[in-house]
Amino acid sequence: MIRKPVTRRDFVKLSAGSTAALGMLMFDMPEFDRLFAAALNEVPVIWMQGGSDSGCTESIANVVGPSIYDVLLGPIGDKHLSMQFHQTLMAGQGDQAMDALYNAAAKPGYVLVMEGAVAEKDNGVYATVGEQNGVGISALKHLTDLAPSASVVIALGACCTGGGIPAAPPNVTGVKAVSQILEENSITTPVVNIPGCPPHPDWMVGSLAQILIGGLESVPLDSQKRPTAFFSATIHDHCERRGSFEAENFATKLGEDGCLYKLGCKGPQTHADCPTRLWNNKTSWCVATNSPCIGCAAIEFPFKMQSTYEGIPLMTLEDKIAIGVAGGVVLAGGAALAKKAFS
């Protein structure tokens, strides 16, 4: 079979607004590697880490197709991601690293990736990167300085999208979501939220590839600024234990068969494609290992949700959960089943 070459224009037309392009078959298109590499080399990326354990970076480093080697270095003679600054992955240190940051920031239009918590209290002194005149430069200042000249800000991980664990009450360092900080500072640069603790590598690489290839307008976002290709359906919609929920077969302790709803599974509250995408190179995912979904891909994770092993209250369920398949079909008697679950 002779395949017609795919042009960049063809690729953008095909992938714009397409769940499949950002979904499980995203990297299987003919000539995707070439188009992806060419697009990535056109726009510089500044990746800034605030208060972070580097978990998001570690997750992204485990991307399989393309590999992180292909993304950052590429085959010999090929193009690769124009990563201008990443304090964990870059070879340069000290003044050399900061010079690279300032040189990249001097040319507007870059993509700014923000990872880790951004604290506001005390001018953000709790997370600093580099220094000026012997004084540390806070992640807050980096964000507010870099965001205005960026073409898009990608808030990566739970800490950036909703505050995450660092925003735990009483939130003594004043951590806030990236989108909230930009709004408070009247910075109108578009934000794309990619939640998760950590986020799946496909969510980041797929979104970044689509933004660089087709522009931000080619990436449909939901009301919480998340790419709908990855976050439109709930965990519950495609969970392998969905049948047990409908049959009212609920596990009463960890390790038992059955739906984990009574053990605090946050699948009905959490929008992500973990059940179909799987983790660790499609090896498994949380529920398959007998763990309730803890809701780490929800913007509200973890302290605006119920405790990890606490079941979802009925009112929250009725208000926030569409108990139906991703196509929008609501199960008849779904509310009744939920009531029985806690009766």
Side-chain angles (χ1 to χ4, degrees), residues 43-52 56 84-87 98 100-133 135-164 166-196 199 204 207-208 210-212 214-228 231 298-301 303-304:
V43 181
V45 176
I46 297 175
W47 189 308
M48 181 63 59
Q49 294 173 283
S52 171
C56 298
Q84 299 296 302
F85 183 86
H86 190 306
Q87 63 242 46
M98 297 307 294
L101 172 62
Y102 298 139
N103 290 337
K107 302 173 184 178
Y110 48 81
V111 171
L112 174 61
V113 179
M114 197 72 201
E115 172 188 351
V118 182
E120 278 195 330
K121 188 177 179 181
D122 300 326
N123 295 318
V125 69
Y126 304 100
T128 63
V129 179
E131 63 180 33
Q132 288 180 334
N133 300 320
V135 179
I137 307 171
S138 69
L140 174 65
K141 180 170 175 54
H142 282 302
L143 173 61
T144 55
D145 283 352
L146 293 169
S149 296
S151 59
V152 61
V153 176
I154 298 180
L156 180 64
C159 296
C160 274
T161 56
N171 192 6
V172 294
T173 62
V175 169
K176 292 183 180 179
V178 163
S179 58
Q180 184 178 357
I181 293 174
L182 296 187
E183 183 177 349
E184 290 175 352
N185 287 273
S186 301
I187 298 173
T188 59
T189 305
V191 175
V192 175
N193 283 328
I194 304 179
M204 175 59 191
S207 298
L208 181 60
Q210 183 60 32
I211 289 170
L212 296 186
L216 182 60
E217 64 277 5
S218 71
V219 183
L221 304 177
D222 65 14
S223 61
Q224 293 185 313
K225 306 181 187 299
R226 301 171 298 189
T228 57
F231 302 102
I299 299 292
E300 300 80 8
F301 174 82
F303 295 102
K304 295 179 183 179

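Values in this document were obtained by computation on a predicted structure and should not be read as measured data. Quick note: numbers below take in every heavy atom, side chains included, and nothing from hydrogens, waters or symmetry partners.
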Student: Quick one: do Lys176 and Glu184 satisfy side-chain contact (heavy atoms from CB on, under 4.5 Å)? Show the steps, please.
Tutor: CA-CA 11 Å; Lys176 292 183 180 179; Glu184 290 175 352; 2.7 Å; yes
Student: side-chain contact (heavy atoms from CB on, under 4.5 Å) between Trp47 and Leu156: does it pass, once the steps are laid out?
Tutor: CA-CA 10 Å; Trp47 189 308; Leu156 180 64; 3.3 Å; yes
Student: Just checking Glu183: does its CD atom have more than 12 heavy atoms from other residues, nucleotides or ligands closer to it than 6.0 angstrom?
Tutor: no
Student: Any non-hydrogen side-chain atom of Phe303 less than 4.5 Å from a side-chain atom of Pro169?
Tutor: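 Yes. Closest side-chain heavy atoms under 4.5 Å.
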Student: Kindly indicate whether the side chain of Pro199, heavy atoms from C-beta on, has any atom under 4.5 Å from the side chain of Met204.
Tutor: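 No, every pair of side-chain atoms sits at 4.5 Å or beyond.
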Student: Hey, what do you get for OG (Ser52) to CE (Met114), rounding to the nearest 0.5 Å?
Tutor: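 Ser52 atom OG to Met114 atom CE measures 9.5 Å (nearest 0.5 Å).
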Student: Would you name the heavy atoms of Ser207 and Pro227 that are closest together and state the gap between them?
Tutor: OG-CG, 3.4 Å
Student: At their closest point, which heavy atom of Leu140 faces which heavy atom of Ala119, and how far apart are they?
Tutor: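 Residues Leu140 and Ala119, closest heavy atoms: CB-O, 3.6 Å.
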Student: For Asn123, what residues pass the side-chain hydrogen bond (donor to acceptor under 3.5 Å, both in side chains) criterion, not counting sequence neighbours?
Tutor: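 Applying side-chain hydrogen bond (donor to acceptor under 3.5 Å, both in side chains) to Asn123 gives none.
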Student: Output a table of donor-acceptor pairs, distance under 3.5 Å, between side-chain atoms of residues 100-112 and any protein atom two or more places apart or on a different chain; print 'none' if there are none.
Tutor:
{"from": "Asn103", "atom 1": "ND2", "to": "Asp99", "atom 2": "O", "distance (Å)": "3.1"}
{"from": "Tyr110", "atom 1": "OH", "to": "Leu146", "atom 2": "O", "distance (Å)": "2.7"}

Student: Determine yes or no for a side-chain-to-main-chain donor-acceptor pair under 3.5 angstrom, with Asp222 supplying the side chain and Lys225 the backbone.
Tutor: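 Judged by distance alone, yes, a pair lies under 3.5 Å.
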Student: Looking at side-chain heavy atoms only, is the closest gap between Val178 and Thr161 below 4.5 Å?
Tutor: no
Student: Measuring from atom CD of Glu115 to atom CD1 of Ile154, what distance do you get when rounded to the nearest 0.5 angstrom?
Tutor: 12.0 Å
Student: Could you go step by step and tell me if Val45 and Val113 meet the side-chain contact (heavy atoms from CB on, under 4.5 Å) rule?
Tutor: CA-CA 7 Å; Val45 176; Val113 179; 4.0 Å; yes
Student: Check whether any side-chain heavy atom of Glu131 sits under 4.5 Å from a side-chain heavy atom of Met98, and report yes or no.
Tutor: no
Student: Kindly indicate whether the side chain of Gln49, heavy atoms from C-beta on, has any atom under 4.5 Å from the side chain of His86.
Tutor: yes
Student: Which residues pass the side-chain hydrogen bond (donor to acceptor under 3.5 Å, both in side chains) test with Asp145, not counting sequence neighbours?
Tutor: Lys141
Student: What are the two closest heavy atoms between Cys56 and Gly157, and how far apart are they?
Tutor: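 Minimum heavy-atom separation between Cys56 and Gly157: SG-CA, 3.7 Å.
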Student: Taking side chain as C-beta onward, heavy atoms only, is Pro195 less than 4.5 Å from Phe231?
Tutor: yes
Student: Could you report the tightest heavy-atom contact between Pro190 and Ser151, atom names first, then the distance?
Tutor: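 Scanning both residues, the minimum pair turns out to be CD-O, 3.7 Å.
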Student: Please answer whether the main-chain N or O of Ala127 pairs with a side-chain N or O of Ser138 as donor and acceptor at a distance below 3.5 Å.
Tutor: no
Student: Using the rule side-chain contact (heavy atoms from CB on, under 4.5 Å), only one of Leu182, Ile181, Leu143, Val153 pairs with Ile187; which is it?
Tutor: Leu182
Student: Does any part of the side chain of His142, heavy atoms only, come nearer than 4.5 Å to the side chain of Ile137, both counted from C-beta?
Tutor: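 Touching, per the 4.5 Å side-chain cut-off.
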Student: May I ask you to test the Val129-Gln87 pair for a side-chain heavy-atom distance under 4.5 Å?
Tutor: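 A side-chain contact under 4.5 Å exists here.
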Student: Of the non-hydrogen atoms in Ala155 and Asn193, which two are nearest, and what is the gap between them?
Tutor: CB-OD1, 3.3 Å
